[in-house]
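Read the structure below first, then the notes.
Values below: all heavy atoms of this structure, side chains included; hydrogens, waters and symmetry mates excluded.
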Amino acid sequence: MDKQAIIESLRAFINSRPGLEFGNYGNVANYRAESRRITKQKHDALTLLNAVAWRDSITAADIIEASKRAYAGRLTIN
């Protein structure tokens, strides 16, 4: 997998819907607070991804290696 393919895959993941279910939050305020937090994290992730994409010194192998140490359980790079 080349760097561009990884970047495109990560961008698609970042832009995917978060899958929030209103019933899990109890009220509108809690739901909207979580939605705002997710939106901020999305913007932060896109900023970081753009920075990585523009740096030729960061290779596909670097991204794959870093993903092994930053595992959160929701995403793997194969």
Side-chain angles (χ1 to χ4, degrees):
M1 184 173 254
D2 68 343
K3 181 178 177 178
Q4 189 60 35
I6 294 171
I7 296 293
E8 289 171 12
S9 296
L10 288 170
R11 191 176 314 279
F13 177 76
I14 292 166
N15 285 321
S16 66
R17 296 181 60 87
L20 297 179
E21 294 183 25
F22 179 76
N24 293 334
Y25 292 90
N27 62 44
V28 174
N30 290 339
Y31 178 81
R32 289 185 180 157
E34 179 72 2
S35 181
R36 281 190 304 273
R37 186 178 70 82
I38 290 170
T39 299
K40 182 182 181 325
Q41 290 174 341
K42 174 183 178 179
H43 291 184
D44 292 345
L46 288 171
T47 299
L48 178 59
L49 187 63
N50 287 332
V52 169
W54 283 101
R55 285 171 176 73
D56 293 331
S57 62
I58 300 174
T59 66
D62 294 331
I63 297 169
I64 292 169
E65 186 59 34
S67 72
K68 294 175 185 175
R69 294 186 308 271
Y71 183 73
R74 292 189 62 203
L75 179 69
T76 59
I77 299 175
N78 298 322

For this session: With sequence neighbours excluded, tell me which residues meet side chain to side chain donor-acceptor pair (under 3.5 Å) with E21.
Result: none

Seminar exercise, completed: Rounded to the nearest 0.5 Å, the CD1 atom of I7 sits from the CG atom of L49 at a distance of 4.5 Å

Exercise. Should L10 and V52 count as side-chain neighbours, where that means a heavy-atom distance under 4.5 Å?
Worked result: no

Exercise. Got a sec, which pairs hit salt bridge (Lys or Arg N to Asp or Glu O under 4.0 Å) with one end in residues 25-38, sequence neighbours left out?
Worked result: E34-R37

Exercise. Quick one: side chain to side chain donor-acceptor pair (under 3.5 Å) pairs with a partner in residues 57-66, sequence neighbours left out?
Worked result: T59-D62

For this session: Go through the structure and list residues passing side chain to side chain donor-acceptor pair (under 3.5 Å) with E8, not counting sequence neighbours.
Result: Q4

Problem set entry | ILVMFWY cluster, I38 and V28 together (side-chain gap under 4.5 Å) | yes

Exercise. What residues, two or more places apart in sequence or in another chain, satisfy ring pair (Phe, Tyr, Trp, His ring centres under 6.0 Å) together with F22?
Worked result: Y31

Problem set entry | Any residue meeting side chain to side chain contact (heavy atoms under 4.5 Å, CB included) with A5, in chain and number order, not counting sequence neighbours | M1, D2

Exercise. What pairs with S9 under side chain to side chain donor-acceptor pair (under 3.5 Å), at least two apart in sequence or on another chain?
Worked result: none

Exercise. Among pairs that include at least one residue of residues 43-55, which meet salt bridge (Lys or Arg N to Asp or Glu O under 4.0 Å), considering only residues two or more places apart or in two chains?
Worked result: K40-D44

For this session: Quick one: pull up CG in L46 and NE2 in H43 and give me the separation to the nearest 0.5 Å.
Result: 7.0 Å

Problem set entry | Residue pair K42 / N15, side-chain heavy-atom distance below 4.5 Å | yes

